[in-house]
Amino acid sequence: MIEPVISVKHLSKQYLLEHQHQDVFAIAKHRLKNLAKRAIYGKVASEPAKDKFFWALKDINFDIYQGERVGIIGQNGAGKSTLLKILSRLVYPTTGEAIIRGRVTSLLEVGTGFNNNLSGRENIYLNASLHGLSRPEVDQIFQDIVNFSGVGTFLDTPVKHYSSGMRVRLAFSVAAHLDPDILLLDEVLAVGDIAFQKKCLQRVEGLTSSGRTILFVSHSIGHIIQFCDRVIWLDHGEIRFDGAATDGVQLYQEEQLPYQDIAVKLAQRSDRTGTGIVQFTDIEILDAQRQPIKSVATGQDIYFALKYKCLTPLSSPTFDVYACIRVETEHKQRLFGLPSEILPIDLTQLEASGTFLCKVPRLPLIPGIYGITISLLVNRQLVDKVSEAYNLLVVEGDYYGTGKLPLKSYGQLCVDFDWIHISE
Ligand SMILES: Nc1ncnc2c1ncn2[C@@H]1O[C@H](COP(=O)(O)OP(=O)(O)OP(=O)(O)O)[C@@H](O)[C@H]1O
Ligand SMILES: [Mg+2]
């Protein structure tokens, strides 16, 4: 029987409510004050009542097997960092246990484990030796760490002068080169720039393909869906979902109000450009049967439904009406546009209100979150344009009919192709 590399059993963590987000000195001060009161007055009347405690984690149970890439999602304060700290042995659980088989390297908060007064070079040696590497062992990987981090010119500068991006680059680079069996990453990619994020994801992909196990906390659903096979959703310290990443992300997204509000409140958005005589009031995604759906699968036939309203009666005839949809990545990289003007179609008969349907057969987007920008031109004038009018959630689907999609590192689009072998 294969044993899990991480086995979490009935794990709970209780904190004193008053201490939330306080530093260790504040907590020590509070304890000393209580001790002093106790010494002077005997039993302290203001002893923390039971309800001053709260459970940051409540009866958490899961097993993780070698090579799994697990995303931990959940809102602020859900307990994600607490869980990773317990797995890193930085925090003790109140009850329950976490059994770990293998060497753990964790990258929890920006620059933790760095000594500010030491240089980048000295910190690399310090960190690596804390993970049990000897000096000759560090010598061997030193150049790789430096090259990957890209902080080479600042190697002999004290870390306190590094920007937060530089710190995270160096910290990630050290962690990723320590050859851990299990790598715990908490919001690591939130700080670095996009090029570095990509490099990190590739490195982590490399680590998992050689059998390493990764736990990855992120608020970027795009990263989670691109990178993880499995998702654990923490909600107020409890597991709400544990299973396939695409299913978990879908459920999580459906519950995130701001996400749905984007569509609901399109009519109220003030960050729009254009004359405003006609405005988009709503955007929906429909399936092939024209039923509204919240997420779509790669390769699915869909419609974008753009509802509009004429705010002032149109006095002159509308001879030129063009609608356009633009699809962008999470990082605002434009992927493609769907401008009606290049097709031999006629949208000219505007009513007081109506809907434009744009059909997209076999959606060619790999799983992720995409921004949808919409615009409308009437009589060659821009009348309405809303950037990121909608966040499109794409989950895994069978674009090629083979049950497989290209690796994420190739890019975010699917294109039809064929391979032919011609013999000489
Ligand atoms: N040392 C501590 N003392 C008291 N409360 C704490 C301590 N550390 C965390 N907490 C509390 O525990 C809860 C869970 O915190 P945690 O940092 O694990 O959340 P998170 O899911 O990582 O959130 P975020 O997405 O904001 O990073 C929060 O309510 C937090 O205030
Ligand atoms: Mg956190």
For residues 367-377, which side-chain donor-acceptor pairs fall under 3.5 Å, sequence neighbours excluded?
unit_1	atom_1	unit_2	atom_2	d
Y370	OH	I366	O	2.6
T373	OG1	E388	N	3.2

Using a distance-only test with no angle check, is there a side-chain donor-acceptor pair under 3.5 angstrom linking R212 and S210?
-> yes
Kindly confirm or rule out a cation-pi arrangement of R69 over F227, judged by NZ or CZ under 6.0 Å from the six-membered ring centre and within 45° of its axis?
-> yes
Verify the neighbour count for atom CZ of F154: are there more than 12 heavy atoms of other residues, nucleotides or ligands below 6.0 Å?
-> no
Heavy-atom closest pair (N76 atom, H219 atom, distance to 0.1 Å) is ND2-NE2, 3.6 Å
Looking only at heavy atoms, the pair that brings Y399 and G299 closest together is CD1-CA, 3.6 Å
Going through the distances and angles, do L215 and V217 end up as a side-chain contact (heavy atoms from CB on, under 4.5 Å)?
-> CA-CA 7 Å; L215 257 76; V217 170; over 6 Å; no
Any side-chain heavy atom of I100 within less than 4.5 Å of one from R89?
-> yes
Closest approach of P361 and K359, non-hydrogen atoms and distance?
-> CD-O, 3.8 Å
Enclosure of E97 CD (heavy-atom neighbours >12, cutoff 6.0 Å) = yes
Atom of C414, atom of T298 and distance for their closest heavy-atom approach = SG-CG2, 3.8 Å
Exercise: do D139 and Y125 side chains pair donor with acceptor under 3.5 Å = yes
Per the side-chain contact (heavy atoms from CB on, under 4.5 Å) rule, which among V394, V327, T329 passes with Q412?
-> T329
Could you tell me whether a side-chain N or O of T213 sits under 3.5 Å from a main-chain N or O of G67, the two making a donor and an acceptor?
-> yes
Would you say R334 has more than 12 foreign heavy atoms packed within less than 6.0 Å of its CZ?
-> no
Taken to the nearest 0.5 Å, the spacing of L133 CG from I124 CD1 works out to 12.5 Å
Heavy-atom distance under 4.5 Å between the side chains of Q279 and R269, does that happen here?
-> no
Approximate separation, where rounding is to 0.5 Å, of K80 NZ and L57 CG | 11.0 Å
How many angstroms lie between atom CG of L84 and atom OG of S106, to the nearest 0.5 angstrom?
-> 7.5 Å
Nearest-0.5 Å distance that lies between atom OG1 in T355 and atom NZ in K309 | 12.5 Å
With a cut-off of under 6.0 Å to the ring centre and 45° to the axis, is R240 in cation-pi contact with Y252?
-> no
Donor-acceptor under 3.5 Å (S149 side chain, S173 main chain) | no
Shortest non-hydrogen contact from G403 toward D398 | N-OD1, 2.6 Å
What is the ring orientation for F54 with Y15, classed by angle as parallel under 30°, tilted 30 to 60°, or perpendicular over 60°?
-> tilted
First locate atom CG of L286, then atom CG of D301, and finally report the distance between them rounded to the nearest 0.5 Å.
-> 12.5 Å
Work out which heavy atom in V8 is nearest to a heavy atom in A98; give both atom names and the distance.
-> CG2-CB, 4.2 Å
Please report the C-alpha distance between S7 and D63 in whole Å, then the side-chain angles of each, then the deciding distance to 0.1 Å, and finally whether the side-chain hydrogen bond (donor to acceptor under 3.5 Å, both in side chains) criterion is met.
-> CA-CA 5 Å; S7 198; D63 286 330; 2.7 Å; yes
Run the side-chain contact (heavy atoms from CB on, under 4.5 Å) check on I60 and I239 step by step: do they pass?
-> CA-CA 7 Å; I60 301 292; I239 293 185; 3.7 Å; yes
Any side-chain heavy atom of I225 within less than 4.5 Å of one from T246?
-> yes
Any pair counted as ring pair (Phe, Tyr, Trp, His ring centres under 6.0 Å), so long as it reaches residues 56-99, sequence neighbours left out = none
When rounded to the nearest 0.5 angstrom, what distance separates CG in N117 from CD in E122?
-> 10.0 Å
In this structure, which one of L11, V91, I232, D186 forms a side-chain contact (heavy atoms from CB on, under 4.5 Å) with L83?
-> L11
Derivation of the side-chain contact (heavy atoms from CB on, under 4.5 Å) call for V296 and L392 = CA-CA 8 Å; V296 306; L392 181 67; 4.2 Å; yes
Audit row: I6, L87, side-chain contact (heavy atoms from CB on, under 4.5 Å) steps and yes/no | CA-CA 9 Å; I6 300 176; L87 296 179; 4.0 Å; yes
Any donor-acceptor pair under 3.5 Å from N123 side chain to L118 backbone = yes
